[in-house]
Protein chains: 2
Amino acid sequence: MTEKAMPSPEAIKAWARLMRVSRQLIERAEEALKDSGLPPLDWYDVLHELAEAGEGGLRPFQLTERTLFAQYNISRLLARLEADGLVEKLKVADDGRGQTIRITAKGRETRRRMWAVYGRSIAELVGAKLSADELSTVSALLGRLRLPPAPD
Amino acid sequence: MTEKAMPSPEAIKAWARLMRVSRQLIERAEEALKDSGLPPLDWYDVLHELAEAGEGGLRPFQLTERTLFAQYNISRLLARLEADGLVEKLKVADDGRGQTIRITAKGRETRRRMWAVYGRSIAELVGAKLSADELSTVSALLGRLRLPPAPD
DNA sequence: TGACGATTGATGCGAATGCATCTATATTCA
DNA sequence: TGAATATAGATGCATTCGCATCAATCGTCA
């Protein structure tokens, strides 16, 4: 009996839509950034977190918690960001193993320019397609799919 | 004036949820497959299309249309699938450039075993979290985000 | 027919990813 | 205290991806 706990047709369809639409949207947003000569989305995610963190910066492991990047990906992404002068690594941690990552002025500027393009993509791809109520419905329903499930 | 056409808070939140949740779900589904010693999700997508296509098979370019893989990714993915004996490339096309890809018995069997795991993931991650009505709502709303937007 | 542009699919190369492991420092606890 | 364990972050290696390009064939049209 191999057919145990198989998903309902509604679940399969919702899953399929989620997979396909998310890929399409990412592709489009990525394309818009590239067309503007800007870095990829991954960079934005990290720069966004660091910009919100302010002057205090963040430890790399905090970035792995807030984003969904693997530890080694954060490590390498930060190396690239540093090489581009968008972040700086501060050795001054009270933990000898760690470091604090702080966004630079250039990093903030890059993030701002990325947002001009990224934000427009979001507005066009999502904001223009559904009403505010519908968007809130989507957010609420997707929120219940989060792992671990959280309120809000 | 740089602030033109920026997305509403609802749009931003819906986008963020979509990005985050889809990544989490993919990660979980991928992990489940790996834990079972099965190939990655990408393989499933292609095997699924080929299984539905039946004995007639599909041309590689048809696969790039139906999936969201780039042409060169399909080319290489098919090479790996062929190396594993899951598909076969039939030179017998009436188009001298092309080939027809057909799933093998082993390919069908692999797909079946993948579905046992993948389907369970979908049931747990999505089917168990929302009602059938809610799932249909999600499908309908996400459907309006497709590119190009389509009815349904 | 025959030259030209379009289409199909593959591939060389550099960059990014996944996995496992490594070094270094911190923490815990006998 | 000191040995064992845990945590932070980097890295070697193999695989995969992205990009550009290529070879081969097809279709079109003068």
Side-chain angles (χ1 to χ4, degrees), chain A residues 23-24 26-35 37-46 49-50 53 57-84 86-102, chain B residues 23-24 26-46 49-50 57-84 86-102:
Chain A
R23 279 209 248 178
Q24 285 184 329
I26 289 169
E27 199 170 72
R28 285 289 186 100
E30 205 83 70
E31 186 184 338
L33 286 171
K34 190 166 307 180
D35 288 349
L38 291 166
L41 270 185
D42 289 355
W43 290 36
Y44 183 86
D45 290 342
V46 169
E49 292 294 336
L50 290 173
L58 285 175
R59 300 279 301 269
F61 76 89
Q62 292 179 300
L63 282 168
T64 67
E65 288 167 1
R66 290 164 204 234
T67 65
L68 296 177
F69 294 111
Q71 181 269 321
Y72 53 81
N73 278 332
I74 283 291
S75 179
R76 284 160 168 159
L77 187 39
L78 289 176
R80 281 172 240 148
L81 289 171
E82 187 189 27
D84 262 46
L86 305 184
V87 306
E88 49 189 353
K89 297 184 175 181
L90 307 176
K91 295 277 183 185
V92 285
D94 64 335
D95 183 329
R97 295 166 297 185
Q99 49 189 324
T100 296
I101 309 296
R102 193 167 59 191
Chain B
R23 279 209 247 178
Q24 285 184 328
I26 290 169
E27 197 171 73
R28 284 291 185 99
E30 205 83 70
E31 185 185 339
L33 286 171
K34 190 166 308 180
D35 288 351
S36 299
L38 291 166
L41 271 185
D42 289 355
W43 290 36
Y44 183 85
D45 290 342
V46 169
E49 292 295 335
L50 290 173
L58 286 176
R59 300 280 300 270
F61 77 89
Q62 292 179 300
L63 283 168
T64 69
E65 288 166 2
R66 289 162 205 235
T67 65
L68 297 177
F69 295 111
Q71 180 269 322
Y72 52 81
N73 278 333
I74 283 291
S75 179
R76 284 159 168 158
L77 187 39
L78 289 176
R80 282 173 238 147
L81 289 170
E82 187 189 27
D84 262 49
L86 304 184
V87 306
E88 50 189 353
K89 298 184 175 181
L90 306 177
K91 297 277 183 184
V92 285
D94 64 337
D95 182 330
R97 296 166 296 184
Q99 48 187 324
T100 296
I101 309 296
R102 193 167 58 191

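Reminder, nothing fancy here: chain letters follow the sequence lines and each chain counts from 1. Keep in mind it's a predicted model, so treat the numbers as computed, not measured.
Taking the charged nitrogens against the carboxylate oxygens, A:Asp45 and B:Arg23 do have a contact shorter than 4.0 Å, which makes a salt bridge.
B:Leu86 places none of its side-chain heavy atoms less than 4.5 Å from the side chain of B:Val46. Looking at heavy atoms from C-beta onward, B:Leu33 lies out of side-chain contact with B:Trp43 at the 4.5 angstrom threshold. A 4.5 Å side-chain heavy-atom check between A:Asp42 and A:Phe69 finds at least one atom pair inside the cut-off. Contact of the A:Leu78 side chain with the A:Glu82 side chain is not registered, since no non-hydrogen atoms from C-beta on lie closer than 4.5 Å. Counting heavy atoms from C-beta outward, A:Leu63 and A:Leu77 have side chains that stay 4.5 Å or more apart.
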Inset, instruction - Summarise protein proximity over nucleotides 2-12 of chain C in one line of letters, 5' to 3': B for base, S for sugar-phosphate only, - for none, counting protein heavy atoms closer than 4.0 Å. - result: -----BSBBBB

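Checking side-chain atoms of B:Arg59 against main-chain N and O of B:Gln99 turns up a donor-acceptor pair under 3.5 Å. Judged by distance alone, the side chain of A:Ser75 and the main-chain N or O of A:Tyr72 form no donor-acceptor pair under 3.5 Å.
For the OP1/OP2 pair of C:dA16 and a distance below 4.0 Å, the side-chain nitrogens and oxygens of A:Asn73 include no atom meeting the criterion.
Here C:dA15 presents its C1' atom at 12 Å from NZ of A:Lys34, a figure rounded to the nearest Å. Distance CD (B:Glu30) to C1' (C:dT17): 12 Å, rounded to an integer number of Å. C:dT17 atom P lies 14 Å from atom CD of B:Glu27, rounded to whole Å.
Two residues, A:Trp43 and A:Gly96, neighbour DNA chain C, and the one matched to the more 5' nucleotide by heavy-atom proximity is A:Trp43.
Taking a heavy-atom distance under 4.0 Å as the criterion, the stretch of DNA chain D touched by chain A extends 5' to 3' from D:dT7 to D:dC19.
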